[in-house]
Every structure is written in structure tokens, then in C-alpha cells.
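Each remark here refers to the structure printed beneath this line.
This structure is a prediction, so every number in the text was calculated from the model and none was measured.
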Amino acid sequence: MSGQVIAHLDLDAFYVSVELRRRPELQGRPVYVGGRHRGVVLSASYQARARGIRSAMPSVTARRLCPDAIALAPDMEEYVEASKAVFAILDTVTDVVEGASVDEAYLDLTRTRTRLGRPEDVLADLRARILGEQGLPSSAGLGPNPFVAKMASREAKPDGLLVVPPQMVTDFLWPLPVDRMWGVGEATADTLHRLGLRTIGDLARTLPATLQRAFGPRQGEKLVELANGRDRRRLMARRPEEHERSIGAQETFPVDVYDPVIVHRELLRLAERTSARLRRARLVGRTITLSLRFANFSSLTRSLTLPEPTDLTDEIHRRAVCLYERLGLQRARVRQVGIRVEGLRDASTVSTQADLFTPEHGWREATAAIDRANLRFGPHAVQRASLTQDW
DNA sequence: TCTGGGGTCCTAGGACCC
DNA sequence: TCTGGGGTCCTAGGACCC
């Protein structure tokens, strides 16, 4: 295990940085990218953060905190393009680039020294190229494993580089507050605080059995391992979308909805989005999950597993509606609905023979035609009639 | 007009099978 | 007369990440 050299590279305020490339006049101002209606802040400039704006904060709260901040609507296509360009730069350094999301990646630099020189110089050069060629600032961390590299890049932000040699790992980690640790969210932090544990060092020195009682065997052990700077995970050379285990879509209504007819129609839209993505990825899935969030923010999920996997809009929609109807909701105020398909397999491994003798056959042909038309003429060129009606 | 949308992984109970 | 044990699948929920 020893001797690994892992880097983590993370683009700073990614969505905002992409926007600033094309609107340089906003540089230095409090700017955030966020959903407009019932949305949250997706990315905030450091000037906006100085005014208290944080990602995942409701947009209305951001506006209240800083009325003169500039709010921008997200442009995901642009961000995905920028992300691809950055990954192309990372690919020039090593074969082992593990994309963790659109704006961060792990790189294995264990074997690049003879070819490229010191890892910290490689990283400095990468950051300079990403800034020079793409106009995007980034931060990077270097450590003996992915977790330490990630923590290092986090502490290096913004626009920094932090190297944590193996013998410095505990000196680096242990003074940090537990809630800064990757893998510790709000719920875990609350429990740790109740146990009197405030720093990662406190956590590292706690008996594993104590943590396993509080968090379960796996999570308890994981916390102790990470707090001690140990992470045995091996990187995989791939993009995040290359190992998808589920595909889904969800939508929050502009206003809470009572009418089941509106929910049914939204489920059709979501089934269409989900199944189109399945087909594009040439995947089929067996388990269909319906999720609901209500006005009071409580939520539930219901799922069912089909005998054979599917990628058909109609099948997914029908099952989702069935799950919804089975709940027997009366006058529920629905805030959000979602559909997710899991148990994914390569579509080519699944026989479609049976379809030839079932009514589904016609649907498969029709669906393929709709997908082709939408590819050529845009996503909404061909839609089911019930989606084109007004509410 | 508080609280998105895309995901991953873990837990836990019951069914079912050998 | 109490009634094993393990593995896998299914379902529901929850924590976490960006």
C-alpha cells in the first residue's frame, strides 16, 4: 500500500468560474449560480461567500443575505463542455484519471516521476494549464491516498496547492474539526459532537467499538480508518458516467400539487427523460423507484422489480403510476416527484425476442423513431400528446 | 418565494432457498 | 418438542457527495 502518490484536483467555484469567463466584467463581484424558482445556490464566488452565501442554500436566502449579488441561471451544457476540456488536459499526464464529478478528479501520479518529474511540479503545471487554456482556477492536493489528497485540496482552496507527505498525514488531519472531514455530514457530525469528539484527532483516538455502536460496523470502521489517514481504495481510470448504477430524474413543482392528474403527467415526463437517457447509454434496468416529497418536506420511496429489464417510457411510466396509486394518497400536497431505474445492464446482453410476440413490440419501434427525431430536431421535437397539453 | 437534481453506498428486515 | 444457519433478493429508508 505504501508508496502511492495520489493527487486530487478540484475546480474552484466551477459553475461561477465558467460564467465569469464569458462575463469578465463580473470578476470580483458577489456572483452565484442558482435555480430561480424554489431553487438552491449551486456555486458561489468567493466574494459571494464572504457575504455568507453558500452552496445548497435556498436562492431566496442568498438574495436576502446579499441583495446586490448577481444571480445567474445554470447552463449545464456549457459546464459539461468546460469539464470535458479540463479532463482532456488531465489525460495528458496519466492514464489513471478518475473523474469524481464534473469539477473534480483523482490522478495517480505514482509512476509519473521518471517521465514528468516531481508530482508537485506536475500538479502546479496542470493548474497553470487549466487556468491558461480554459480560464478556470483550481486547487489541488497531493497525498499517499485518495482521501488525504481530497482533504488536502479542500484545505488548499481557493487557488492553492497542498502537499501532504506520508509522514505528515496525522499532523495535517488531526487538528481539523470533524465536520470538515470528507464522509462526515450533518447527521454524523451531530452524533460525533454528542460523543464529545470535535477534531479528526479525537475521532482517530476513539475505540472502534464505540463508533461501531453509534454508526454500525462498516461506517464505524470507515470513520476510524479515514481519521487515521488510511484509505485503501484504488483509483479506476474512468469518467463518472462510465459506471452508472442508476439513472433517474426528479422535478420539484413550482407550487405544491394536490391533483393526481398533474402528478401522473409529470411522471410521464420523468419516465420519458429517464428512458431516453437509458436508451442513449444503451442500458436497461429492472428496478423502478418512485420518490415523493411532500409540502412538509417529508419524503418516501416505493420500488418494484420487474422480471425483465426495460428501457421503455411507457413501461416505466405505467409502473411508476402504479406505485403512486398504491399509496392511496388523499389530498396530499406533493412538492416533488422522481423516478429512478436501477439494476442496470447492458442492453445488448438482454434478449428482446419476447417483444416480437407482445404488444410492446410496436412501442419499441415507435420509441426508437422518437429518439431519432429528437436527436435530429431537438429534445422536444416529438412528444407524447398528453405532455403538450396545457395544465 | 426556505430547502435542486444528479448520484453512491449502507443498513435492516423479511422472503426464499438449500 | 421450542424453533440452525448462511446466502441472496427485494424493499424502504437514510446519510452523504457535488
| 4.5 Å side-chain heavy-atom contact, A:Phe294 and A:Arg333 | no

| field | Selected nucleotide, minimal atom distance to A:Leu300 side chain, candidates B:dT11, C:dC18, C:dG13 | value | C:dG13

| said: Is A:Arg38 close enough to B:dT1 that one of its side-chain N or O atoms is under 4.0 Å from OP1 or OP2 there? | reply: no

| query | Which one, B:dG5, C:dA12, C:dC18, comes nearest to the side chain of A:Ser101? | reply | C:dC18

| said: For C:dG13 and A:Arg293 - does any side-chain N or O of the residue sit under 4.0 Å from the phosphate oxygens OP1/OP2? | reply: no

| request: Report which part of the nucleic acid A:Val184 touches: base, sugar-phosphate, or nothing (heavy-atom distance under 4.0 Å, all strands). | output: sugar-phosphate

| Which nucleotide, B:dG4, C:dC18, B:dT3, lies nearest any side-chain atom of A:Trp182? | C:dC18

| field | Distance test, side-chain N/O of A:Ser246 to OP1/OP2 of B:dT8, below 4.0 Å | value | yes

| task | Considering just the side-chain nitrogens and oxygens of A:Gln250, establish if one lies under 4.0 Å of OP1 or OP2 belonging to B:dG4. | result | no

| task | Using whole Å, report how far CZ of A:Phe215 lies from P of C:dG13. | result | 23 Å

| said: Heavy atoms only, 4.0 Å cut-off, all strands: where does A:Ala249 land among base, sugar-phosphate and nothing? | reply: sugar-phosphate

| query | When you compare C:dC17 with B:dT3, how far apart are their P atoms, in angstrom units rounded to a whole number? | reply | 22 Å

| Does C:dA15 have OP1 or OP2 sitting under 4.0 Å from an N or O in the side chain of A:Lys222? | no

| query | If you check every side-chain atom of A:Arg340, which of C:dC18, B:dG6, B:dG4 has the closest atom? | reply | B:dG6

| message | Students often get this wrong, so: under 4.0 angstrom with heavy atoms, is A:Arg302 touching a base, only sugar-phosphate, or nothing? | response | sugar-phosphate

| task | Using a cut-off of strictly less than 4.0 Å, decide whether A:Arg218 has a side-chain nitrogen or oxygen near OP1 or OP2 of B:dC9. | result | no

| request: Determine the contact category for A:Arg36: base if any of its heavy atoms lies under 4.0 Å from a base atom, sugar-phosphate if only primed atoms, P, OP1 or OP2 are that close, otherwise nothing. | output: nothing

| said: Does a side-chain N or O of A:Arg335 approach OP1 or OP2 of B:dT3 to a distance below 4.0 Å, or not? | reply: yes

| query | Given atom CE of A:Met181 and atom P of C:dA15, what is their separation to the nearest angstrom? | reply | 17 Å

| said: The test is side-chain hydrogen bond (donor to acceptor under 3.5 Å, both in side chains); show your working for A:Ser45 and A:Arg49 and say whether it passes. | reply: CA-CA 6 Å; A:Ser45 73; A:Arg49 293 182 203 199; over 6 Å; no

| task | With heavy atoms under 4.0 Å as the rule, sort A:Gly35 into base, sugar-phosphate or nothing. | result | nothing

| request: Please state how far atom CZ in A:Arg64 lies from atom C1' in B:dT3, giving the value in whole angstrom units. | output: 12 Å

| query | Passes side-chain hydrogen bond (donor to acceptor under 3.5 Å, both in side chains), A:Thr252 versus A:Gln336? Steps please. | reply | CA-CA 4 Å; A:Thr252 299; A:Gln336 178 193 77; 3.2 Å; yes

| message | Nearest to the A:Glu244 side chain among C:dC10, B:dT8, B:dG4, which nucleotide is it? | response | B:dT8

| task | Have a look at C:dC2 and give me syn or anti from its glycosidic angle (syn if within 90° of zero). | result | anti

| request: Mind checking A:Gly248 for me? I need base, sugar-phosphate or nothing, with any heavy atom below 4.0 Å counting as a touch. | output: sugar-phosphate

| task | Could you check which of C:dC18, B:dC9, B:dG4 has an atom nearest any side-chain atom of A:Val40? | result | B:dG4

| note | Per nearest nucleotide of DNA chain B, the residue lying toward the 5' end, A:Thr61 or A:His243, is A:Thr61

| query | Do the non-hydrogen side-chain atoms of A:Asp231 and A:Lys150 ever get within less than 4.5 Å of each other? | reply | no

| said: As a test of reading the structure: which of B:dT8, C:dT11, B:dT3 is closest to the side chain of A:Arg245, going by heavy atoms? | reply: B:dT8

| query | With both distances kept under 3.5 Å, what pairs with C:dC18, Watson-Crick or G-U wobble? | reply | B:dG5

| task | Measure from the side chain of A:Ala187, starting at C-beta and using heavy atoms only, and say which of C:dC18, B:dG5, C:dA15 lies closest. | result | C:dA15

| said: Let's go through A:Thr199 and A:Trp174 carefully: what are the C-alpha distance in whole Å and the side-chain angles of both, what is the deciding distance for side-chain contact (heavy atoms from CB on, under 4.5 Å) to 0.1 Å, and is it a yes or a no? | reply: CA-CA 6 Å; A:Thr199 66; A:Trp174 286 4; 5.9 Å; no

| request: Could you check whether A:Leu42 gets within reach of a base, just the sugar-phosphate, or nothing at all, counting any heavy atom under 4.0 Å? | output: base

| task | Could you check how far CG of A:Leu192 sits from C1' of C:dA15, rounded to whole Å? | result | 13 Å

| task | Write down the atom of A:Ile53, the atom of A:Leu65, and the distance for their closest heavy-atom approach. | result | N-CD1, 4.4 Å

| message | Would you say A:Thr305 places a side-chain N or O within less than 4.0 Å of OP1 or OP2 belonging to C:dT11? | response | yes

| Looking across every strand, which nucleic acid part, if any, lies under 4.0 Å from A:Val255 by heavy atom: base, sugar-phosphate, or nothing? | sugar-phosphate

| request: Taking the side chain as every heavy atom from C-beta outward, state whether A:His8 and A:Arg154 have any atom pair closer than 4.5 Å. | output: no

| field | Which nucleotide in B:dT1, C:dA15, C:dA12 has an atom nearest any side-chain atom of A:Ser303 | value | C:dA12

| said: Is there a side-chain contact between A:Arg286 and the phosphate of C:dC9, meaning an N or O under 4.0 Å from OP1 or OP2? | reply: no

| field | Closest listed nucleotide, where the reference is the side chain of A:Val60 and the choices are C:dC10, B:dT8, B:dT1 | value | B:dT1

| field | A:Thr301 side chain near C:dG13 phosphate (N/O to OP1/OP2, under 4.0 Å) | value | yes

| Whole angstrom value for the distance that separates C1' of C:dA12 from CG of A:Leu323 | 12 Å

| remark: note: A:Asp10, atom CG; C:dC18, atom C1'; distance rounded to Å ~ 9 Å

| query | For A:Phe297 and B:dT3, do the ring centres fall under 5.5 Å apart while the planes stay under 30° apart? | reply | yes

| Whole-angstrom distance between C:dC2 and B:dC16, as gauged at atom P | 28 Å

| query | When the ring planes of A:Tyr15 and A:Tyr79 are compared, do they come out parallel, tilted or perpendicular, using 30° and 60° as the limits? | reply | parallel

